[in-house]
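This report concerns only the one structure given below.
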Amino acid sequence: MIPPIPLPTDRPVRVRIAPSPTGDPHVGTAYVALFNKAFAASNGGRFVLRIEDTDQTRSTRASEEAIYKSLGWLGLTWHEGPDVGGDYGPYRQSERTEIYREHADKLLAAGRAYRCFATAEELAEMRKSAKSEGRSTSYDRRYRDLPSAEVERRLAAGEPHVIRFKAPLDGVTAFNDALRGEVSIDNSQMDDQVLMKSDGFPTYHLANVVDDHLMEITHVIRAEEWIPSTPKHVRLYEAFGWQPPVFIHLPLLRNADKSKISKRKNPVSLEFYEAVGILPEALVNFLGRMGWSMPDEREKFSYDDMVAEFSFQRMALGGPVFDLEKLDWLNGLYIRELGDDALVERLQSWLLSSGYLARVAPLLRERISRLEDFVPQASFILGRAEATPLELLIPKKKERVEAYRAMKIVVEAVDACRDWRNESIEALLRAQVEATEWKLRDLFMMVRVAVTGQKATPGLFGTMELLGKARCQARLRQALLTLRP
RNA sequence: GGGGCGUUCGUCUAGUGGUUAGGACGCUGGCCUUUCACGCCGGUAGCACGGGUUCGAUCCCCGUACGCCCUACCA
């Protein structure tokens with residue numbers, strides 16, 4: 001039985017989501033956003049969006065924009081964030097590096113953190129030998145007690161280093177998860193977490209704790225995967241002399257096989273759901289049924305209904321499988337409820353707008369002799385795609401494994417593409433020809449068949465552009481699944 | 001390997017120390033209908049296992065199994 005969630009008596013409830021802008025906007029982000037926002041709304045609190053772009057190698061502005069767009073599409077809007085401002089900014093972590101630096105220095109000065117000069121190779125070597133000897137592969141604290149003169153010398157020499165937290169060596173660290181009760185780990189399990197990376201950016205652990213405190217976050221509502229690192233966060237709060245927030249860990253969305261939801265096994269991009277015509281209110285409703293239920297157990301309810309009845313005591317803790325079939329059923333319910341005008345409006349704002357048709361029509365002009373031919377000709381671009389059969393997918397004189405390998409390369413390249421235009425798609429695919437060691441025509445034919453389900457189509461790249469990245473990804477991934485040896 | 005979290009129909013879930021364990025998706029039979037879909041009525045299938053505690057456990061406790069997550073200078 002889940003106890004009531006403690007609320008602050010002297011200050012407003014403040015919650016946040018903190019997505020990192022890498023890759024496509026994720027359905028898990030929307031899930032966590034929904035429960036944060038609903039909790040805030042039911043308590044008169046505020047919902048903050050903070051962008052965790054501390055991974056310089058993976059974060060992109062395009063991905064950040066995509067998060068705004070998709071969450072906005074779902075109506076999961078925020079009171080404070082990089083785009084709308086607020087009293088606790090900046091809300092983009094890459095603009096807060098000075099703050100983290102100062103706080104890391106404080107820990108350094110207080111003897112709660114230390115500089116570690118281990119190189120990546122050194123660490124890899126350490127883990128390798130630890131593994132071969134059957135020891136724990138966590139960091140062995142080799143720089144924890146480096147004499148200060150030596151630290152100074154290396155610093156003066158400009159040696160790159162990270163700052164690590166001095167985790168307690170013995171004892172136990174416990175915290176209270178509002179849904180699960182006390183969670184504790186033995187401190188022998190806690191390693192000296194990196195706080196500041198050698199590039200001067202903080203890790204999640206430092207940035208998160210510092211920002212949540214500075215932004216006066218009262219309840220940290222995040223996914224279950226964070227439970228194991230929460231004790232470290234608790235020790236960080238303690239080291240700073242801060243009061244930790246209430247921790248609420250939500251169950252993880254799952255694939256059909258119960259593993260954590262992933263793009264390999266499920267469409268996870270919010271852009272996919274929008275592109276295939278899932279209604280935002282249906283998706284929000286569906287996410288609200290993941291681990292949560294209305295008191296009367298009704299299946300269909302709006303965000304406002306949810307807020308009116310919201311309580312974490314109605315939360316189930318098992319990891320819910322994200323079932324597309326049930327989403328489709330629910331979405332159908334919403335569609336059937338639409339009036340004629342509203343339905344037409346939805347269809348138009350989906351793909352049946354004159355603007356979109358204006359882009360499709362030129363592609364199909366040569367292929368139609370009557371106007372009525374347009375509709376069947378456009379079906380592979382407007383309609384739902386069936387999985388392309390295996391025989392069609394494998395080019396002549398190619399083996400299944402070869403096709404699988406090549407498709408994998410294509411899928412990964414497409415995932416990474418951030419500029420979805422005819423020319424850039426072409427450049428992107430051309431760039432894969434070498435990697436696959438295939439003839440250009442074979443590779444492009446396989447992609448064409450995977451994406452359209454047919455061998456004869458309008459220009460491949462223009463078609464892909466119009467189809468949109470999300471749907472192309474889904475179809476390519478479907479093909480990859482079919483090809484899997 | 002180590003640590004943590006979890007476990008009610010295939011899936012999403014409700015639920016209580018005594019219930020024929022309820023609803024939804026799916027699948028399925030029927031009705032409606034010129035057909036299909038929608039809608040309506042019905043069927044299908046579940047408390048992981050073993051010990052306790054108890055007059056009685058799906059529910060409380062302990063163990064086991066299984067699943068998942070973490071174990072990065074990613075979040």
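Numbered from 1 within each chain, the chains take letters A, B, ... in sequence-line order. These numbers were taken from a predicted model, which means no experiment stands behind them.
Salt-bridge check for Glu95(A) with Arg92(A): passed, with a basic side-chain N closer than 4.0 Å to an acidic carboxylate O. Salt bridge Glu80(A)/Arg16(A): absent, no basic N to carboxylate O contact under 4.0 Å. Salt bridge Lys469(A)/Asp415(A): absent, no basic N to carboxylate O contact under 4.0 Å. Remark: Arg180(A) engages Glu224(A) in a salt bridge, criterion side-chain N to carboxylate O under 4.0 Å. Salt bridge annotation for Arg384(A)-Asp328(A): present, with a cationic side-chain nitrogen under 4.0 angstrom from a carboxylate oxygen. Under a 4.0 Å N-O distance rule, the pair Glu271(A)/Arg471(A) does not qualify as a salt bridge. Using a 4.0 Å cut-off between charged side-chain N and carboxylate O, Glu150(A) and Arg154(A) make a salt bridge. The pair Lys300(A)-Glu337(A) meets the salt-bridge criterion, since a charged nitrogen lies less than 4.0 angstrom from a carboxylate oxygen. Between Arg58(A) and Glu52(A) no salt bridge is recorded (no basic side-chain N to carboxylate O distance below 4.0 Å). Salt bridge annotation for Lys69(A)-Glu274(A): present, with a cationic side-chain nitrogen under 4.0 angstrom from a carboxylate oxygen.
Phe35(A) has its ring centre less than 6.0 Å from the ring centre of Tyr31(A). A ring-centre distance under 6.0 Å is found for Phe322(A) and Phe286(A).
Base pairing of C60(B): its partner is G52(B), meeting the Watson-Crick or G-U wobble criterion (both donor-acceptor distances under 3.5 Å). Applying the Watson-Crick and G-U wobble criteria (two distances, each under 3.5 Å), U35(B) pairs with nothing in any strand. Summarising the base pairing, A24(B) is matched to U11(B) through a Watson-Crick or G-U wobble pair whose two defining distances lie under 3.5 Å. Across all strands shown, C74(B) has no partner, as no Watson-Crick or G-U wobble contact with both distances under 3.5 Å is found. Nucleotide C68(B) forms a pair with G4(B), judged by Watson-Crick or G-U wobble geometry with both contacts under 3.5 Å.
A distance of about 27 Å separates the C1' atoms of U34(B) and C27(B), rounded to the whole Å. With P as the reference atom, C69(B) and C32(B) are 50 Å apart, rounded to whole Å. The same atom, P, is picked in U53(B) and in C62(B); the two are 15 Å apart, to the nearest Å. Using atom C1' as the reference point in both U44(B) and A24(B), the two lie 15 Å apart (nearest Å). Distance noted for atom C1' between C9(B) and G51(B): 26 Å (whole Å).
Atom CE in Met190(A) sits roughly 18 Å away from atom P in C70(B) (whole-Å rounding). Between the NE2 atom of His233(A) and the P atom of U71(B) there is a distance of 11 Å, rounded to whole Å. One interatomic measurement links the two molecules: CG of Asp186(A) to P of G2(B), which rounds to 14 Å at whole-angstrom precision. Atom CZ of Arg180(A) is separated from atom P of U7(B) by 9 Å (rounded to the nearest Å). Look at CD on Glu182(A): it is 14 Å from C1' on C5(B), rounded to the nearest Å. We find that CG of Asp340(A) is positioned 19 Å from P of C38(B), with the value rounded to whole Å. The nearest whole Å value for the distance from the CG atom in Leu317(A) to the P atom in G4(B) is 17 Å. The nearest whole Å value for the distance from the CE atom in Met126(A) to the P atom in U71(B) is 14 Å.
In this structure, Tyr100(A) OH and Asn208(A) CG are separated by 9.0 Å, a value rounded to the nearest 0.5 Å. Between the CG atom of Leu76(A) and the OG atom of Ser70(A) there is a distance of 10.5 Å, given to the nearest 0.5 Å.
Checked against Pro21(A) for a side chain to side chain contact (heavy atoms under 4.5 Å, CB included), the options Glu64(A), Arg61(A), Glu65(A) give a single hit: Glu64(A). Checked against Asp192(A) for a salt bridge (Lys or Arg N to Asp or Glu O under 4.0 Å), the options Arg164(A), Arg141(A), Arg112(A), Arg235(A) give a single hit: Arg141(A).
By the 4.5 Å heavy-atom criterion applied to side chains, Arg135(A) and Asp140(A) are not counted as neighbours. Counting heavy atoms from C-beta on, the side chains of Leu338(A) and Glu345(A) never come closer than 4.5 Å. For the pair Ile261(A)/Arg254(A), no side-chain contact is recorded, criterion being any heavy-atom separation below 4.5 Å from C-beta on.
RNA chain B is contacted by Ser198(A), Pro202(A), Tyr204(A) of residues 198-205 of chain A, taking any non-hydrogen atom closer than 4.0 Å. Interface residues of residues 214-230 of chain A facing RNA chain B, ordered by number: Glu224(A), Glu225(A), Trp226(A), Ile227(A), Pro228(A); criterion, heavy-atom separation under 4.0 Å. Residues of residues 160-173 of chain A that place a heavy atom closer than 4.0 Å to RNA chain B, in numerical order, are Val162(A), Arg164(A).
Residue-level contact check: Thr54(A) touches the backbone only, with heavy atoms under 4.0 Å from sugar-phosphate atoms and none from bases. Nucleic acid contact class of Arg254(A) (heavy atoms, under 4.0 Å, all strands): sugar-phosphate only. Residue-level contact check: Ser188(A) touches neither bases nor backbone, having no heavy atom under 4.0 Å from any strand.
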Mind listing the N/O atom pairs, protein and nucleotides 10-16 of chain B, below 3.5 Å?
{"residue": "C12(B)", "atom": "OP1", "partner": "Val321(A)", "partner atom": "N", "Å": "2.8"}
{"residue": "C12(B)", "atom": "O2'", "partner": "Arg289(A)", "partner atom": "O", "Å": "3.1"}
{"residue": "C12(B)", "atom": "O2", "partner": "Lys326(A)", "partner atom": "NZ", "Å": "3.3"}
{"residue": "U13(B)", "atom": "OP1", "partner": "Gly291(A)", "partner atom": "N", "Å": "2.2"}
{"residue": "U13(B)", "atom": "O2'", "partner": "Glu297(A)", "partner atom": "OE2", "Å": "3.3"}
{"residue": "A14(B)", "atom": "OP1", "partner": "Ser293(A)", "partner atom": "OG", "Å": "3.4"}
{"residue": "A14(B)", "atom": "O4'", "partner": "Glu297(A)", "partner atom": "OE1", "Å": "3.4"}
{"residue": "A14(B)", "atom": "O4'", "partner": "Glu297(A)", "partner atom": "OE2", "Å": "3.0"}

Which atom pairs link the protein and nucleotides 41-45 of chain B when you take only N or O atoms and keep those under 3.5 Å?
none

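At least one cation-pi condition fails for Arg50(A) and Tyr91(A): the charged atom is not both under 6.0 angstrom from the six-membered ring centre and inside a 45 degree cone around its axis.
Comparing G26(B), C70(B), C38(B) against the side chain of Arg336(A) picks out C38(B) as the nearest.
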### Summary
Per-nt protein contacts along nucleotides 28-33 of chain B (heavy atom under 4.0 Å; B base, S backbone sugar-phosphate only, - none) come out as ------

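Comparing Leu333(A) and Lys197(A) by the nucleotide of RNA chain B whose heavy atom lies nearest to each, the residue mapping closer to the 5' end is Leu333(A).
Side-chain nitrogen and oxygen atoms of Arg127(A) include at least one within less than 4.0 Å of the OP1 or OP2 phosphate oxygen of C73(B). Residue Lys260(A) places at least one side-chain N or O under 4.0 Å from the OP1 or OP2 atom of C70(B).
Atom CG of Asp296(A) has more than 12 heavy atoms from other residues, nucleotides or ligands within 6.0 Å.
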